[in-house]
Amino acid sequence: MTWIFSLSHRPWLVPIFWLGWLIMMTPGVSQLEINSRYDAYFANGSSDFIANRRFETQFERGDSLWLVLQSEQDWRVKLPLLTAIEQVLSQQTSVTSVLSVAQMLSTTSELPRLPYKGFPRQNSLLSEDGRICLVEITLTQSAANPARLDQSIAALGAAVSHLLPESSQYHWYGPLALNWQYANVLKADLLWFAPSLLLLIILCLYWRMRAFIWVVAIILNIIICSYLTLALAGYLSLTLAAISGFVPVVVVTLLLSGSSHLYLGWARHVRQGGEPKQAMQLSVLEHLKPMLWASVTTALGFALLTLSPSPPIQAFGIMVTFAVLVALALNLSLLLWFSRWAKASQVTTPSAWSVSWAVNACRQPRRYWWLAVIATLAAGGGLTQLTVRDDPLGYFSDDNPLSQAREVLQQQFAGANHIYFQLDSQRPQGLLRPEVVSFTNRFKRFLLNHPQVTSVDTYVDWLKATGVSGQTLTRLLVDSPELSHMLRREIDGQLSTSAITLHLTSTDTASMLALEHDINAWLTTQTLPEQLTLSQALGPQMMFARLSRDNGLNMMMSFAVSALFLMLVVGCLRRSTSLALLALVMNLLPILWVFGLWSVLGGGISLGSAVAVGIIMGIIVDDSLHLLLRLPQQAAQQRRVMNVMLAQITPAISLTSLILVAGFSIGILSDFGPIRDLSLLSALMILAAWWVDLLLLPNLYMRLMRRSSDASSPPLLRSD
């Protein structure tokens with residue numbers, strides 16, 4: 001600790017050090033890149049990502065943009081208008097290809113259909129009543145770039161809108177529309193988060209820290225910490241996606257919380273008559289150990305996010321871990337450097353309501369115990385129903401353009417969710433073998449027995465509709481440009497490999513994982529034809545389902561490691577296994593209560609809630625450590641000592657908890673689902689943890705330490 005106070009003898013070293021570090025890290029800021037693509041959440045080297053990319057390349061299913069056209073009339077009688085829209089889109093420099101039902105219907109003469117069969121895949125582009133049609137648009141690589149995508153879609157919308165009648169509407173859907181909305185919600189969140197953070201800082205500092213020099217120091221620390229964190233992200237080329245927009249909120253909130261402990265300790269000693277400089281030294285002596293270990297546990301909690309299979313979540317963890325450690329260094333150096341000019345006349349007297357609550361809870365704890373027991377029993381029942389439940393297409397609000405398009409597709413088409421399989425016969429013309437056709441039909445019938453599967457597309461549909469031979473299909477793949485584009489999305493040129501598409505109702509990851517399990521179980525009972533292979537379930541939504549499952553499991557592992565580390569810290573520093581167990585139980589209860597309620601209300605383990613599980617133990621232990629590491633043994637024996645210590649500690653833990661709750665609550669109004677889940681659950685768990693630390697922990701500490709004392713311990717002295 002002497003090194004901290006030795007800085008006062010060489011005060012010029014502190015600003016020079018931080019200025020030098022800012023200069024050194026500045027180039028990293030210019031290297032920052034935001035990746036708003038939906039596939040940014042998947043590791044490029046994962047088997048899932050590689051298999052899906054191969055599938056997309058094999059069947060020309062790269063990311064595209066879907067134009068959803070709504071009209072009061074049947075589009076089949078308005079084919080000239082649809083053809084004109086198609087031509088206008090094709091003339092755009094950003095477009096490489098366009099596919100609509102107009103092309104499909106114009107090629108009917110090229111495909112000899114049986115008279116009682118409809119055109120294959122027509123129902124994928126045209127609703128049953130004909131009033132809604134889909135137009136698939138493939139963009140150039142530069143136009144599909146996230147930086148230009150908003151501009152590209154706006155230009156396409158302008159080109160289409162003037163051709164449509166006033167009664168018609170259009171929406172955007174598909175992978176590129178998803179990228180478009182990821183970019184938009186990130187921009188909207190950053191615009192919302194910035195003023196909200198500024199308001200939080202102003203309210204917090206004005207309400208409790210009216211000392212001007214402290215306000216300047218804390219704001220400067222926030223700027224430095226945020227700047228260095230962004231620079232680190234640029235240097236390490238971290239993957240920044242929509243969820244990364246919440247990183248500044250977490251960084252600022254944690255730094256404000258840490259600064260509050262030092263300020264309130266300094267203010268208390270000043271009110272007691274101490275000189276400002278001496279008061280700062282006493283505050284550091286009191287708070288250094290709990291601040292240090294709280295920062296370490298918080299940093300560990302966020303560092304364990306690197307166990308996630310998702311690169312943006314890994315980046316989230318790395319950035320906040322770095323920021324927590326930088327914030328600790330700033331609070332113990334630059335904040336102390338500024339405190340030399342702080343004036344005692346600016347100190348305000350804090351409210352004592354939290355002290356009276358804690359003291360009364362120590363005297364009459366039973367009501368709080370009963371509340372805790374009832375909440376625990378109720379939450380335990382809810383936790384038994386907790387499952388992996390996520391919906392990547394449901395991350396957006398109901399008024400979002402993507403949500404509106406999804407609603408139209410769910411109502412008028414076979415569904416907005418898709419799963420793909422790749423069927424490989426491993427020989428030319430192998431798909432035409434009777435045993436392969438038979439297996440494909442059998443597989444389709446099995447899939448259609450599941451309630452969430454509304455339709456299944458296989459290559460056999462083309463054979464049934466046309467009755468053509470393999471030679472005819474091969475000719476169409478080569479000689480018919482319009483038909484070949486549709487056929488190549490399902491069949492390769494040698495008729496050896498095919499894509500199978502499942503259309504699903506609106507479903508979450510739990511249902512998709514259950515469906516995958518059923519399919520795998522069914523396949524184990526089947527004897528596939530010789531050399532025939534069927535891939536695992538493919539597609540972005542299936543990848544998200546597995547990502548949610550794996551991410552949830554990894555975050556539970558992170559949670560377990562954080563809990564174990566907390567026990568080791570308390571057990572070693574207080575040399576008490578009982579206190580270590582007490583710390584664990586007191587920090588498990590808030591998590592148990594909140595996730596039990598979350599499950600009862602229909603929530604599950606999603607991308608955002610899994611991150612909350614991984615990080616929350618490292619955040620909520622802050623108040624517990626300030627209590628357990630600062631309460632002396634004597635406080636368990638003498639009520640007066642306990643009251644004095646609670647008067648010193650509880651105002652700080654109440655203020656820091658309020659800051660954390662307010663900070664994390666900012667994200668509840670986010671346009672992005674994972675940030676909403678992360679914010680809501682974190683704020684509720686921090687609030688519950690504050691309740692536990694204020695109203696349960698002090699009394700349990702007294703009882704536990706009193707029982708562990710020897711028979712010669714002094715009797716309990718009651719204060720008036």
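If you're wondering where the values come from, they're calculated on a predicted model, not measured in any experiment. Heads up: numbering here begins at 1 and tracks the sequence.
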TODO: Taking the side chain as every heavy atom from C-beta outward, state whether F246 and D189 have any pair of such atoms under 4.5 Å apart.
DONE: no
Task: N/O donor-acceptor pair under 3.5 Å between S609 side chain and G604 backbone - done: yes
Open item on the list: Evaluate E33 against S237 for side chain to side chain contact (heavy atoms under 4.5 Å, CB included), listing each step before the verdict.
Closed with: CA-CA 8 Å; E33 290 188 11; S237 300; over 6 Å; no
Task: Side chain to side chain, S100 and L82, heavy atoms closer than 4.5 Å - done: yes
Open item on the list: I need the S36 OG to L240 CG distance, nearest 0.5 Å.
Closed with: 11.5 Å
Open item on the list: Exactly one of L393, V408, L134, L67 should register a side chain to side chain contact (heavy atoms under 4.5 Å, CB included) with Y173. Which one does?
Closed with: L393
- [ ] With rounding to the nearest 0.5 Å, note down the distance linking CG in D508 to OG in S606.
- [x] 11.0 Å
TODO: Answer whether the closest heavy-atom distance between the side chains of D457 and S124 falls below 4.5 Å.
DONE: yes
Task: Worked verdict on L504 versus L515 for side chain to side chain contact (heavy atoms under 4.5 Å, CB included) - done: CA-CA 11 Å; L504 308 176; L515 175 61; 4.1 Å; yes
Task: Side-chain (R676) to main-chain (Y395) donor-acceptor, under 3.5 angstrom - done: yes
TODO: Could you tell me how the ring of F672 sits relative to the ring of F396: parallel (under 30°), tilted (30 to 60°) or perpendicular (over 60°)?
DONE: tilted
Task: Check: Q314 and L238 side chains under 4.5 Å, non-hydrogen atoms - done: no
Open item on the list: Any side-chain to backbone donor/acceptor pair from D461 onto T458? Under 3.5 Å, distance only.
Closed with: yes
- [ ] Determine the interplanar angle of the F443 and F446 rings, folded into 0 to 90°, and report it as parallel if under 30°, tilted if 30 to 60°, perpendicular if over 60°.
- [x] parallel
Open item on the list: Are R37 and D63 packed together at the side-chain level, in the sense that at least one heavy-atom pair is separated by less than 4.5 angstrom?
Closed with: yes
Open item on the list: Is it true that, when you exclude R131 itself, more than 12 heavy atoms of the residues, nucleotides or ligands shown sit nearer than 6.0 Å to its CZ?
Closed with: no
Open item on the list: In the structure I gave you, are the side-chain heavy atoms of H503 and H418 within less than 4.5 Å of one another anywhere?
Closed with: yes
Task: Any donor-acceptor N/O pair, S438 side chain to P434 backbone, under 3.5 Å - done: no
Task: Expected output: side-chain T96 to main-chain T140 donor-acceptor under 3.5 Å - done: no
TODO: State whether a side-chain donor-acceptor pair under 3.5 Å links R54 with S535.
DONE: no
- [ ] Keeping the roles fixed (side chain from W66, backbone from V135), state whether a donor-acceptor pair exists under 3.5 Å.
- [x] no
Open item on the list: If I compare all heavy atoms of A158 with all of S161, which pair ends up nearest, and what's the gap?
Closed with: O-OG, 3.3 Å
TODO: Measure from the side-chain N and O atoms of R489 to the backbone N and O of R61, and report whether any donor-acceptor pair falls under 3.5 Å.
DONE: no
Open item on the list: Any donor-acceptor pair under 3.5 Å linking the side-chain atoms of D48 with those of Q536?
Closed with: yes
- [ ] Decide yes or no for L538 and E56: does some side-chain heavy atom of the first lie under 4.5 Å from some side-chain heavy atom of the second?
- [x] no
Open item on the list: Can you see whether T497 engages D424 through a side-chain donor-acceptor pair at a distance of less than 3.5 angstrom?
Closed with: yes
Task: Pairwise distance CD1(I50) to CZ(F42) - rounded to 0.5 angstrom - done: 14.0 Å
Task: Closest non-hydrogen atom pair between A177 and L65, with its separation - done: N-CD1, 3.7 Å
Open item on the list: Has R549 got a side-chain atom pairing as donor or acceptor with T509's backbone, closer than 3.5 angstrom?
Closed with: no
TODO: Say whether Q452 and S511, considering side chains only, have a donor N or O and an acceptor N or O under 3.5 Å apart.
DONE: no
- [ ] Determine whether S46 and R546 make a side-chain contact, defined as any pair of heavy atoms from C-beta on separated by less than 4.5 Å.
- [x] no
Task: Test side chain to side chain contact (heavy atoms under 4.5 Å, CB included) applied to I85 and Y170, step by step - done: CA-CA 12 Å; I85 292 174; Y170 70 92; over 6 Å; no
- [ ] Keeping the roles fixed (side chain from S403, backbone from D398), state whether a donor-acceptor pair exists under 3.5 Å.
- [x] no
- [ ] Using a cut-off of 6.0 Å, state whether more than 12 heavy atoms not belonging to Q385 lie near its atom CD.
- [x] yes
TODO: Compare every heavy atom of L423 with every heavy atom of Y459, then report the nearest pair and how far apart it is.
DONE: CE2-CD2, 4.1 Å
Open item on the list: Rounded to the nearest 0.5 Å, what separates atom CZ in R442 from atom CG in L528?
Closed with: 8.0 Å
Open item on the list: With side chain to side chain contact (heavy atoms under 4.5 Å, CB included) as the criterion, how do W75 and S127 come out once you've worked through the C-alpha distance, each side chain's angles and the decisive distance to 0.1 Å?
Closed with: CA-CA 10 Å; W75 282 101; S127 64; over 6 Å; no
Task: Closest non-hydrogen atom pair between L156 and L139, with its separation - done: CD1-CD2, 3.9 Å
- [ ] Could you grab the distance from atom NE2 of H517 to atom CD1 of I519, nearest 0.5 Å is fine?
- [x] 11.5 Å
Open item on the list: Can you give me the closest heavy-atom contact between T138 and S64, atom names plus distance?
Closed with: OG1-CB, 4.4 Å
Open item on the list: If the threshold is 4.0 Å, N to carboxylate O, is there a salt bridge linking D391 and R406?
Closed with: yes
Open item on the list: Just by distance, no angles: are the side chains of Y182 and N35 close enough, under 3.5 Å, to form a donor-acceptor pair?
Closed with: no
Task: Spatial distance of atom CD (E516) from atom CD1 (I419) [nearest 0.5 Å] - done: 7.5 Å
Open item on the list: Checking S310 against N551: is there a side-chain donor and acceptor pair closer than 3.5 Å?
Closed with: no
TODO: Can you see which heavy atom on Y41 is nearest to which on A242, and at what distance?
DONE: OH-N, 3.4 Å
Open item on the list: Given 3.5 Å as the limit, does a donor-acceptor pair link the side chain of W172 with the main chain of A405, or not?
Closed with: no
